[in-house]
Amino acid sequence: MRQPRVLCIPNFSEGRRSGTVDALARAVRRVRGVILLDQHTDPDHHRTVLTFAGPPASVAEAAFEAAKVASRLIDLRRHRGGHPRIGATDVIPLVPLGQVSMRHCVTLARALGRRIGRELKIPVFLYEQAASRPERRRLEAVRRGGLDGLSVRMAADPAWRPDFGPTCLHPSAGATVVGARAPLIAFNVNLASRDLSAAREIAARVRSSGGGLPGVKALGVELGSRGLVQVSTNVTDFHESPLHRVFLAVKEEAAKKSIAIESSEIVGLVPLEAMAQAAEHQLQLERFSLDRILEVRWERRLSARAGMPADAAEAGSAAGRAPAASVGAFLRAVAGAKPTPGSGSVAALVAASAAALGVKACEVTMRAPGNRPGPARQLQARSKRLEALRVRLERLIEADARAYEEVVVSRRLLDGTPKRERRLTRALRRAAEVPLDIAAAALRTAAELGGVASRAKASVAPDARVGRDLAVAACRGALKIAEENLKIIKKHRLTSVLQAKIRRLRESLVVARGL
């Protein structure tokens, strides 16, 4: 059985003194069981990002040891760099891998933060999933105003007392932010320009808070050593906003200012799936999946040899994620004797297929000769929304399978025990919530496709209309699944909220364009 693993990506406010950077890396390497996967140092940002993984307790120990080195060797009073920061060890995110749960990482983050505060006398703020207060959940909220702004809030506002450690900043090490989060990609686009205000304007337009791409944070940074400026982004969900979309969004905004793209870079490590997405788009590959990558196919075949025949292994990997494997493997899993994947996953797949048809209709129409700018912009906006819905529905295929698997596991516990009843109620509620998420996304997909059908080129208008009908069917099916799962829940308080949501979705389904 594989040992649980946690990924840690601490950011340190040092990118120019190699001796200090080496000392940070050595502190991580000295901890047994921890593997240092990557080291990224940027003198303009004046920042080093280490990426390492290992057993949870060992990772926490390595993060603490590195923070201890940073508190001794880094003095923020003499620090000048392009990246926002509030600490020598600025931020320590913990990311669950494999069988490790997010809850485990939250517990680990809190224990690590407590230790840093107690032993290093550095104030610690918890963020993301580990946050103790909603206003601290976002990292940028903690960093707002830099060290001076944080210092003022800590002194004047009781809501900004640190979670651990002293109530004032450490003289040289500042403060540290520790948390648990899902994986993100640090992706930077370098502009062939020295205009920092332009980079900041572009960043404001592409980030989600400015109405740009969902799940994207961005800021403009000067790269003094290269005579360039940069749009530095954090992509918190590459399924919603793939890297090629982020790159193209920056490129389009830069072109409006007659600025060319110099290059782009990834800080730290990146999931293979994210790069495969970019390659698939750039090369306009047909019928592409991760299984077409040599190394992925090799690993899957080795796994199949170790535990099951190749066909069974493929079907097992497809059980929750139809698009990641072949559709045929997914359908064989649906037709199998196991309870998952079931009707919820199928409804999500149908709705995702409908959204994909809408994206196709938009893209073909936008590329048609003589397409006017106004309608083209509207179709482009619909295409982006449909693509985001497609990605969300694709992820809900797996989410539905996981939710029902938890119901199955809960039912296996001894009857009549309080633990079984509590766990089963939670599992059944989740098994109702996921189909409701599928229904809501399918309903939005149907509404978008209704607008696409009236504007699409004649050759692809039927695709939009068929997609709209499929999305409606998926919505109705998912609502039925949610209703059936709710019948088993005994607690009326839990069911009333979800039943109200079902009623609202049904009413919206009837109202939306007479469906």
Side-chain angles (χ1 to χ4, degrees), residues 5-12 15 25 28 34-42 44-45 47-54 59 83 90-98 100 102 105 128 139 179-190 203 206-208 212-219 221 223 230-251 261-283 285 288-300 321 323-324 387-388 391 394-395 398:
R5 292 285 186 272
V6 168
L7 187 69
C8 185
I9 315 99
N11 290 220
F12 302 96
V28 172
V34 172
I35 300 174
L36 181 61
L37 299 170
D38 187 70
Q39 173 182 319
H40 182 96
T41 299
D42 189 315
D44 291 304
H45 285 234
R47 197 170 186 81
T48 290
V49 179
L50 300 181
T51 305
F52 53 90
V59 164
H83 201 287
D90 187 51
V91 58
I92 305 177
L94 299 169
V95 178
L97 294 179
V100 174
M102 182 62 75
C105 280
E128 282 287 349
L139 179 60
R181 62 161 173 78
L184 64 76
I185 302 172
F187 177 56
N188 301 331
V189 182
N190 301 322
V206 301
R207 60 184 174 233
S208 57
L213 298 172
V216 173
K217 303 177 181 182
L219 51 87
V221 178
L223 304 182
Q230 178 185 87
V231 177
S232 177
T233 78
N234 278 345
V235 182
T236 59
D237 189 337
F238 70 86
H239 293 96
E240 278 198 311
S241 294
L243 294 188
H244 63 267
R245 283 190 178 272
V246 178
F247 180 82
L248 289 174
V250 173
K251 186 176 181 179
I261 301 297
E262 176 75 15
S263 60
S264 65
E265 65 173 351
I266 289 170
V267 178
L269 303 182
V270 60
L272 173 62
E273 186 180 357
M275 300 309 292
Q277 280 180 341
E280 181 181 5
H281 178 270
Q282 192 65 27
L283 301 177
L285 297 172
F288 182 78
S289 71
L290 280 179
D291 199 50
R292 302 293 295 277
I293 295 175
L294 173 63
E295 290 82 0
V296 172
R297 180 75 66 88
W298 174 253
E299 289 297 326
R300 287 180 177 176
R321 300 185 62 197
E387 175 62 15
V391 170
E394 184 178 325
R395 297 177 71 183
E398 185 175 7

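None of these values were measured; they are calculated from a predicted model. What's counted below: heavy atoms across the whole structure, side chains too, no hydrogens, waters or symmetry copies.
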Quick one, Val216 with Val246, criterion side chain to side chain contact (heavy atoms under 4.5 Å, CB included). Give me CA distance, side-chain angles, the key distance, then yes/no. CA-CA 8 Å; Val216 173; Val246 178; 4.0 Å; yes

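- Rounding to the nearest 0.5 angstrom, the gap separating the CG atom in Leu50 from the CZ atom in Phe12 is 5.0 Å.
- In this pair, His244 and His281 present their aromatic rings parallel. The plane angle is below 30°, not in the 30 to 60° band.
- Listed by chain and number, the residues in a side chain to side chain contact (heavy atoms under 4.5 Å, CB included) with Leu219 are Pro84, Val221, Ser232 (sequence neighbours excluded).
- Side chains of Glu262 and Gln230: a donor-acceptor N/O pair is absent below 3.5 angstrom, by distance only.
- Partners of Ser241 by side chain to side chain donor-acceptor pair (under 3.5 Å), not counting sequence neighbours: none found.
- Residues that satisfy the side chain to side chain contact (heavy atoms under 4.5 Å, CB included) test with Ala180, not counting sequence neighbours, are Met102, Cys105, Val106, Gln129.
- A pairwise comparison of heavy atoms in Asn188 and Thr233 identifies OD1-N, 3.5 Å as the closest pair.
- Applying the side chain to side chain contact (heavy atoms under 4.5 Å, CB included) test to Pro93 and every residue at least two apart in sequence or in another chain returns Ile9, Val91, Tyr127, Arg181.
- Residue Gly215 comes nearest to Ser208 through the heavy atom pair N-CB, 3.9 Å, listed as atom of the first residue, atom of the second, then distance.
- Not counting sequence neighbours, His40 has no partner by the ring-ring contact (aromatic ring centres under 6.0 Å, His included) test.
- At a threshold of 4.5 Å between non-hydrogen side-chain atoms, the residues Val6 and Leu97 do not count as touching.
- For the pair Val189/Phe247, a side-chain contact is recorded, criterion being any heavy-atom separation below 4.5 Å from C-beta on.
- For Asp237, the salt bridge (Lys or Arg N to Asp or Glu O under 4.0 Å) test picks out Arg395, with sequence neighbours left out.
- How far CG of Leu7 is from CZ of Phe52: 8.5 Å, rounded to the nearest 0.5 Å.
- The closest side-chain heavy-atom distance from Pro10 to Thr51 is not below 4.5 Å.
- Counting non-hydrogen atoms of neighbouring residues, nucleotides and ligands closer than 6.0 angstrom, the CG atom of Leu36 exceeds 12 such neighbours.
- Shown are Asp90, Asp38, Val267; of these, the side chain to side chain contact (heavy atoms under 4.5 Å, CB included) with Val49 is made only by Val267.
- In this structure, the side chain to side chain donor-acceptor pair (under 3.5 Å) partners of Asn11, at least two apart in sequence or on a different chain, are Arg47.
- If you run side chain to side chain contact (heavy atoms under 4.5 Å, CB included) between Val235 and each of Leu243, Leu213, Leu184, only Leu243 comes through.
- Annotation: salt bridge (Lys or Arg N to Asp or Glu O under 4.0 Å) contacts of Glu387 (sequence neighbours excluded): Arg390.
- From Phe187, atom CZ reaches atom CD of Glu265 across 9.5 Å, with rounding to the nearest 0.5 Å.
- Not counting sequence neighbours, the partners of Thr41 by the side chain to side chain donor-acceptor pair (under 3.5 Å) test are Thr48.
- Not a single salt bridge (Lys or Arg N to Asp or Glu O under 4.0 Å) links Lys251 to another residue, sequence neighbours left out.
- Across every non-hydrogen atom of Met275 and Val270, the tightest pair is CG-CG1, 3.8 Å.
- With sequence neighbours excluded, the residues satisfying side chain to side chain donor-acceptor pair (under 3.5 Å) with Ser263 are Asn190.
- In this structure, NZ on Lys217 lies 6.5 Å from CG on Asn234, to the nearest 0.5 angstrom.
- Nearest heavy atoms, Gly54 versus Val59: N-CG2, 3.3 Å.
- Checked against side chain to side chain contact (heavy atoms under 4.5 Å, CB included), Ala388 has no partners two or more places apart in sequence or in another chain.
- Distance check: Leu37 CG to Leu269 CG gives 6.0 Å after rounding to the nearest 0.5 Å.
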